[in-house]
Amino acid sequence: MAESRFLILFFQSRRIKHMREHKNFAERTKVLPSMEARKKYFLVYEGKHTELLYFQAVDELRETIKISPLIEFVPVIRSYSEDGWSNPQKIVERLIQNLEESKSKNPSCESLLNWMMDYFQDVGCIVNNRPLAKNIWNTMTWICTEQLGISLPMPVGNPSEICREIIYHLKQASNLKHFIEDIPQILSYGNLTYAEGFDKICFIVDRDKKSFTRNQYEKVLEQCQKQGFGFYLTNPCFEFWLLMHFDDVTELDTEQLSENPSVTARRKYTEQELRKRICGYQKSKYDAAALVRNIDTAIRNEKKFCENTRELEYTIGSNVGLLICELR
């Protein structure tokens, strides 16, 4: 059986991230000496690298740029079945679903499998091994649908019991005698530490006209307002916010900015302009700290363009600077 062969390889490799928090903390952080709780800003990025690198630099340079010490940044990482998503409406709807499941303690089968994949990812088992990750996901899906009679959208009712069942069938499929059955830790991946009414969830997205239609824009804005989420958008893309860190951003061609056409086989106008100002700029590798040190310039320049959330749908600009001011 194909599943048996790959599972044997999986567990011989070493012992033993649904949308989720980066799990590097156990409880809400306190700030001494007042012991005042730190407000968490859950940052949900449309992109996988550019925004993450930027806000990591914001966090690292918080004292320099005067970010409040009572703020804690929590990046929200996409889980296995969400990897590659770029449509803001899907991302918002999934996070709302995750919050509801976290409250009800009644996750869908897909969420439970994602928690297990998140666990495997964080213990280092499937890092940089997409074929193995895909095989594990497919096998767990097969166990749920064929052995347990549970489809992915179905609520599982008792997550601990279903988790044990999946582990049991994994053992049977691989004839493996040793399996880490740390079910409480696996289930902890579904426990968002978001405190409604105190913390804030922030969506940081691009106005990509090709993947973000007008109807979707209105829907996302409506959902964010209803849920109390922050909606921070840059038109045409996050690279324009990065360009605002330079004094000459107002000299750029506004028509080119609005259309953001491809200027090479790999790069669009905004990215090409960034490469003129940042040697070797890449979405996944650039000196974000150097930009963040000029964040006051970006905030000033943002005022010269559109900051209004509704008008950003069709007007170049950004409101990321408003988020930075709020964090201060």
**OP:** First locate atom CZ of Arg62, then atom CZ of Arg328, and finally report the distance between them rounded to the nearest 0.5 Å.
**Re:** 12.5 Å
Original post:
Regarding Tyr54 and His245, is there a side-chain donor-to-acceptor distance under 3.5 Å anywhere?
Top reply: yes
**OP:** Show the numbers, then the answer: is there a side chain to side chain contact (heavy atoms under 4.5 Å, CB included) between Ile204 and Leu43?
**Re:** CA-CA 7 Å; Ile204 301 166; Leu43 304 179; 4.3 Å; yes
Original post:
Taking all atoms of both residues into account, what is the closest heavy-atom pair of Ile324 and Trp241, and its distance?
Top reply: CG1-CZ2, 4.4 Å
Original post:
Do the non-hydrogen side-chain atoms of Lys268 and Ser262 ever get within less than 4.5 Å of each other?
Top reply: yes
Original post:
Considering only heavy atoms from C-beta outward, does the side chain of Phe246 approach that of Lys276 to under 4.5 Å?
Top reply: no
**OP:** Find out whether Ser108 and Pro153 are in side-chain contact, i.e. whether some heavy atom of one side chain is under 4.5 Å from a heavy atom of the other.
**Re:** no
Original post:
So, are Lys226 and Glu222 salt-bridged, with charged N and O less than 4.0 Å apart?
Top reply: no
**OP:** Any chance you could measure Leu323, atom CG, to Leu327, atom CG, to the nearest 0.5 Å?
**Re:** 4.5 Å
Subject >> Euclidean distance, Trp115 CH2 relative to Leu113 CG, rounded to 0.5 Å >> reply: 10.5 Å
Subject >> Pairwise distance CD(Glu313) to CZ(Arg207) - rounded to 0.5 angstrom >> reply: 5.0 Å
Subject >> Tyr281 versus Gln272, side-chain donor and acceptor atoms under 3.5 Å >> reply: no
Original post:
Looking at side-chain heavy atoms only, is the closest gap between Leu243 and Glu273 below 4.5 Å?
Top reply: yes
Original post:
Under a 4.5 Å cut-off applied to non-hydrogen side-chain atoms, are Val44 and Val205 in contact?
Top reply: no
Original post:
Ignoring hydrogens and geometry, is there a side-chain-to-backbone donor-acceptor pair from Asn235 to Ser318 under 3.5 Å?
Top reply: no
Original post:
Is any side-chain heavy atom of Pro75 closer than 4.5 Å to a side-chain heavy atom of Leu52?
Top reply: yes
Original post:
Which pair of non-hydrogen atoms, one from Ser151 and one from Thr145, has the smallest distance, and what is that distance?
Top reply: CA-CG2, 4.3 Å
Original post:
Quick one: do Glu218 and Arg310 make a salt bridge, cutoff under 4.0 Å?
Top reply: yes
Original post:
What do you reckon, is CD of Glu259 surrounded by more than 12 foreign heavy atoms closer than 6.0 Å?
Top reply: no
**OP:** Look at the side chain of Asp287 and the backbone N and O of Ala290, then say whether any donor-acceptor pair between them is shorter than 3.5 Å.
**Re:** yes
Subject >> Contact summary for Pro236 and Ser258, nearest pair of heavy atoms >> reply: CB-O, 4.5 Å
**OP:** Kindly work out whether a path of hydrophobic side-chain contacts (I/L/V/M/F/W/Y, heavy atoms less than 4.5 Å apart) joins Trp142 to Met117.
**Re:** yes
Subject >> Considering all heavy atoms, the nearest Cys306-Leu312 contact >> reply: O-CD2, 3.5 Å
Original post:
Which atom names give the shortest non-hydrogen contact between Arg38 and Phe198, and what distance separates them?
Top reply: O-CE2, 3.8 Å
Original post:
Are Lys283 and Glu239 ion-paired here, with the side-chain N under 4.0 Å from a carboxylate O?
Top reply: yes
Original post:
Should the pair Glu271-Arg266 be classified as a salt bridge under the 4.0 Å nitrogen-to-oxygen rule?
Top reply: no
Subject >> Separation between CD1 of Ile295 and CG of Leu61, rounded to the nearest 0.5 Å >> reply: 9.0 Å
Subject >> Residue pair Leu112 / Cys163: nearest heavy atoms and the distance that separates them >> reply: CD2-N, 4.2 Å
Original post:
Heavy-atom distance under 4.5 Å between the side chains of Glu302 and Leu322, does that happen here?
Top reply: yes
Original post:
For the residue pair Phe229 and Phe203, is the inter-centroid distance of their aromatic rings smaller than 6.0 Å?
Top reply: yes
Original post:
Would you call Tyr217 and Leu233 a side-chain contact if the rule is heavy atoms closer than 4.5 Å?
Top reply: yes
**OP:** Give a yes or no on whether the backbone of Phe238 and the side-chain of Asp206 come within a donor-acceptor separation of less than 3.5 Å.
**Re:** yes
Original post:
Do side-chain atoms of Asn114 reach the backbone of Glu110 as a donor and acceptor pair under 3.5 angstrom?
Top reply: yes
